[in-house]
Trainee: 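Quick one: the structure is below, questions incoming.
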Amino acid sequence: SQQGEEDPQALSIQEGENATMNCSYKTSINNLQWYRQNSGRGLVHLILIRSNEREKHSGRLRVTLDTSKKSSSLLITASRAADTASYFCATDRARAQKLVFGQGTRLTINP
Amino acid sequence: EPEVTQTPSHQVTQMGQEVILRCVPISNHLYFYWYRQILGQKVEFLVSFYNNEISEKSEIFDDQFSVERPDGSNFTLKIRSTKLEDSAMYFCASSAGELFFGEGSRLTVL
């Protein structure tokens, strides 16, 4: 299987705190992407990091990739109640190939 | 902003009935996908489609499933004889590099 695990499975923090989610995978990858899913809704693309990149920022999001450890982390800084959602990492092994998703982290931001 | 649209948003059907889920991918995209998410579980790949043929399919995508691009814009997923375990959210996606997902079609099989 291409995909590993995400941890934690669930994370509950106070508004304003930072949230860190981790993702591991098993095989070599081309890209790793993070998606958000609000309950019962579609998948919203957050950020893509290529296998030759180590860190990427987008607004309050910071993604790191360690290909030697086959792991990635997503950091959301200064969390807001609207960040409450499930977050999934997904990997692909080549351009336009299928994405393999992790189990996701369910993030709850308490006001 | 261009988006992938899916219809219906929710369909309830009886076991054994045929279901067709429809998707309109982003117009200049060439790669199309269907994914499935059973409630509370992870998103699973079903099938990818390129150049009017299936390029890859998963073990889930058995003979009960088929995909079609009938008119150059729509991309459909057909389930011939639905089973209870087909109840899930079905997501269409299209790509010219980065994947864009639709909002999903919730299928409930009774």
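Sequence lines set the chain letters: A, B, ... in the order given, protein chains first and strands last, and positions in each chain run from 1.
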Trainee: Honestly curious: do Met89(B) and Val109(B) fall in one hydrophobic cluster under the side-chain, below-4.5 Å linking rule?
Mentor: no
Trainee: Is the number of heavy atoms from other residues, nucleotides or ligands under 6.0 Å of Arg50(A) CZ greater than 12?
Mentor: no
Trainee: For atom CZ of Arg41(A), decide whether the heavy atoms of other residues, nucleotides or ligands shown that lie under 6.0 angstrom number more than 12.
Mentor: no
Trainee: How many angstroms lie between atom CD of Glu44(B) and atom CG of Leu99(A), to the nearest 0.5 angstrom?
Mentor: 14.0 Å
Trainee: Under 6.0 Å between the ring centres of Phe101(B) and Tyr35(A)?
Mentor: yes
Trainee: Would you say Asn52(A) has more than 12 foreign heavy atoms packed within less than 6.0 Å of its CG?
Mentor: yes
Trainee: I'd like to know whether CZ of Arg80(A) has more than 12 heavy-atom contacts from other residues, nucleotides or ligands below 6.0 angstrom.
Mentor: no
Trainee: Roughly how far, to the nearest 0.5 Å, is CG of Leu46(B) from NZ of Lys98(A)?
Mentor: 11.0 Å
Trainee: Can you tell me which portion of Tyr35(B) sits under 4.5 Å from chain A's heavy atoms? Options are side chain, backbone, both or neither.
Mentor: side chain
Trainee: Give the cluster check for Leu32(A) versus Leu48(A): same hydrophobic cluster or not, with ILVMFWY residues linked at side-chain heavy-atom distances below 4.5 Å.
Mentor: no
Trainee: Can you tell me if Gln41(B) and Gln103(A) form a side-chain donor-acceptor pair at under 3.5 Å?
Mentor: no
Trainee: Rounded to the nearest 0.5 Å, how far does CG of Leu43(A) lie from CZ of Phe91(B)?
Mentor: 5.0 Å
Trainee: At a heavy-atom separation under 4.5 Å, does Gln37(B) approach chain A through its side chain, its backbone, both, or neither?
Mentor: side chain
